[in-house]
Each structure stands twice: as structure tokens, then as C-alpha cells.
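Order of listing sets the numbers, starting from 1, for every ligand and every atom in it. The figures here come from the full heavy-atom set of this structure, side chains too, leaving out hydrogens, waters and symmetry mates. Treat the numbers as computed from the prediction; the structure is a model and nothing was measured.
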Amino acid sequence: MTRHFLRDDDITGAEQSEILDLAETIKADRWGRKPLAGPQTVAVIFDKSSTRTRVSFAVGIADLGGSPLIISTANSQLGGKESPSDTARVLERQVAAIVWRTYAQSGLEQMALGTTVPVVNALSDDFHPCQLLADLLTIREHKGTLAGLTVTFLGDGASNMAHSYLLAGATAGMHVRVAAPVEFSPADDVVADADARANETGGSVMLFTDPNEAIAGADIVVTDTWVSMGKEGEKAHRVATFGGYQVTTELIGLAKPDALFLHCLPADRGYEVSAEVIDGPQSVIWDEAENRLHAQKALLVWLLERAS
Ligand code: CP
Ligand code: NVA
């Protein structure tokens, strides 16, 4: 049966480890795997802007022997005239996989329903699972393990990144803490799913409003923009509401002395994180950005092996 990757808990903990192991192997031997030789084409569709996701999928698909077809919905029929499921019927006859950055998670679900090729979520309003594979790879490289580590996400708890940390962190057996203003708490159903997954893996999920409490003793500190794509009209309100959640030197000083700082980028220095922290010694953001390439190549190899 065709496997898709629409949200972080579409894979089990064992499968997540398998993909991360594969990412390490692929990183060590960058051009060693050619499952897309032919070249076979992978469609990579964008409804929203992107630098890292666009580049890492394009480069990764080429590394795997394939040909990336980058589509902007602004000049395709998808998003206006044609449904995701009809689009999938057309694409699946010609491409090996479909990667899509969009708004509603439901669009991805429609795209994947009954489709014979893997569909990958390259960011939706609700989740950013490819980013989490890269983040977990980065943490594992620096810390040697994932299970048992405490990761604190600060800021927009209702964002795709906070939701993905809840699901992917719990899947990895991590203790996931999210600190957010009540108004921007994670969605209840995502918290419940993360909690259920954590019960299986030995991880845990905790929600906070106090950033100091949430970050105390953390191994990993994460934040993201306060103004996600699509929320630009709420910028003034968000900046006013999230003010106390900026990751400063003082705040990260409450985490473990060897805590790592991650940010999926793009970053707004002086808003969600100070320049001193993001450009400082605890920050691993450039490894994290590079690991998008290796993690997504591993994901594609893994999905393609299971798609036949
Ligand atoms: N982190 C991330 O997804 O970056 P882009 O928006 O540049 O793809
Ligand atoms: N939460 C951010 C992530 C950008 C990669 C957004 O959705 O805009």
C-alpha cells in the first residue's frame, strides 16, 4: 500500500528511527543511492513561499537520480480550477511522488486519498513534518540520542512547528514542552494524539504559559517566527502577545548549559530570538538547514521503497 507523509505521526517510532538512520547513511555517501534513476520526476508544488524546502527537495531529487518539477500554484490549475484529488489523478500517471506546501491539511488529505504515489507534506498550516526529520537528525548528531531528552518549544503553540514538535518529539520518546500564551495554545486534538504517542514511547507532553518554567533544565530549545505564512495581517497583535517569549541569552541560561538552540528559519532576529542566541555557540541552525537535504532524501527513498 502506498505510504504518505502528511503529519509526523504517520510513521511509528521504529520507522522514524529507520528514516533517520538512512539519512545518516545518505549524508555520509551523498550520491550513493539512485532510486529515481531514469530520471523519474517528482512534482514539488508550492502554494506558499520557500527557500530551504524548494532548494533541498530540488537538490535531493537530483542527487537521487531524478528530476524535480517545481510547480507554483499561482500558475497551475490547482488551487483555483481543479481539486487536489483530480490533480493527483493526473500527476500519478507521470511522477514518482508528489511534494506539496499548502495551507489546509485537508487539501493534502484529499491529494493523498487513493493516490498511487507517495504524497509528502512540505508544510501546511498545521504541520511541518519534513522540518522535524531534519531537526531530529540534527539533535541526534549533536546529542547521540533522542529518547529521554527534554525539548522546549517557545512562542506560537498553535503553529505548524509547535504541532510537529509535539507529534515528532513524542514519537521519538522525547519530553516535549510547549510554552505559549493561552490564546496560541496547541490544538487539543494534536496534544491528545501526541500524548497517546508519548505513552507508547516513554516520552511526555506538557503545556506551559510561563517560558521560564518551560525552559528550565531543557536539553533543546526551539522557537519559530511569531507570524507564520498566512498570518501577516495579525502581526501587530502577535508581536504584542508573544513579547515575553523571545529566546534571549538570559532565558536560554535557564536550560542546561549544553542545551542546543534550533530554529527552522527564516528567523526574525529581535522578535522570537535575539541575535546573540541565534548566532551564538548553542545554535545549530546551519546544520539543521543542511539536514533538510539529507532527511528528505531518506524520506523519499523510504517512501519509494514502500510504494511499489
Ligand atoms: N524552514 C523552511 O521550511 O524554510 P523555507 O520556508 O525557506 O522552505
Ligand atoms: N511557521 C512558519 C514556518 C516557516 C518555514 C510558517 O508557517 O510560516
Parallel, tilted or perpendicular for Tyr271 and Trp226, by the 30°/60° rule?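 It falls in the perpendicular class, over 60°.
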Report yes or no: does a heavy atom of Val227 sit under 4.0 Å from some atom of ligand 2?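 In this structure, Val227 fails to qualify as a contact of ligand 2 - no heavy atom is under 4.0 Å.
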Report the part of [X] (side chain from C-beta onward, or backbone N, CA, C, O) that has a heavy atom under 4.0 Å from ligand 2; answer both or neither where that applies.
| X | result |
| --- | --- |
| Asp125 | neither |
| Ser159 | neither |
| Leu265 | backbone |

Is the closest side-chain donor-acceptor distance between Thr223 and Glu272 under 3.5 Å?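 Their side chains do not contain a donor-acceptor pair, so the 3.5 Å distance test is not met.
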Which residue and atom name correspond to the protein heavy atom nearest [atom], and how close is it?
| atom | value |
| --- | --- |
| atom 1 (N) of ligand 2 | Asp224 OD2, 2.6 Å |
| atom 7 (O) of ligand 1 | Thr51 N, 2.7 Å |
| atom 4 (O) of ligand 1 | Arg52 NE, 2.8 Å |
| atom 7 (O) of ligand 2 | Asn160 ND2, 2.8 Å |
| atom 2 (C) of ligand 1 | Arg292 NH1, 3.3 Å |

Atoms in ligand 1 with a heavy atom of Arg101 nearer than 4.0 Å: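 Counting atoms of ligand 1 from 1, those under 4.0 Å from Arg101 are 2 (C), 3 (O), 5 (P), 6 (O), 8 (O).
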Single hit among Met174, Met206, His175 for side-chain contact (heavy atoms from CB on, under 4.5 Å) with Thr150: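 Only match with Thr150 under side-chain contact (heavy atoms from CB on, under 4.5 Å): His175.
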Does CD in Glu200 sit with more than 12 non-hydrogen atoms of other residues, nucleotides or ligands closer than 6.0 Å?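 Count over threshold, so yes.
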Under 3.5 Å between some N or O of ligand 2 and some N or O of [X]?
| X | answer |
| --- | --- |
| Arg101 | no |
| His128 | no |
| Met229 | yes |

Considering only heavy atoms of Ser228, which atoms of ligand 2 have at least one such atom less than 4.0 Å away?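 Near Ser228, meaning under 4.0 Å from one of its heavy atoms, ligand 2 has 1 (N), 2 (C), 6 (C), 7 (O), 8 (O).
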Between Leu36 and Leu304, what is the shortest heavy-atom contact and its length?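 Leu36 and Leu304 have their closest heavy atoms at CD2-CD1, 3.6 Å.
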Do Ile285 and Val277 share a hydrophobic cluster, counting only Ile, Leu, Val, Met, Phe, Trp and Tyr and linking them when any side-chain heavy atoms are less than 4.5 Å apart?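 Linked, Ile285 and Val277 end up in one cluster.
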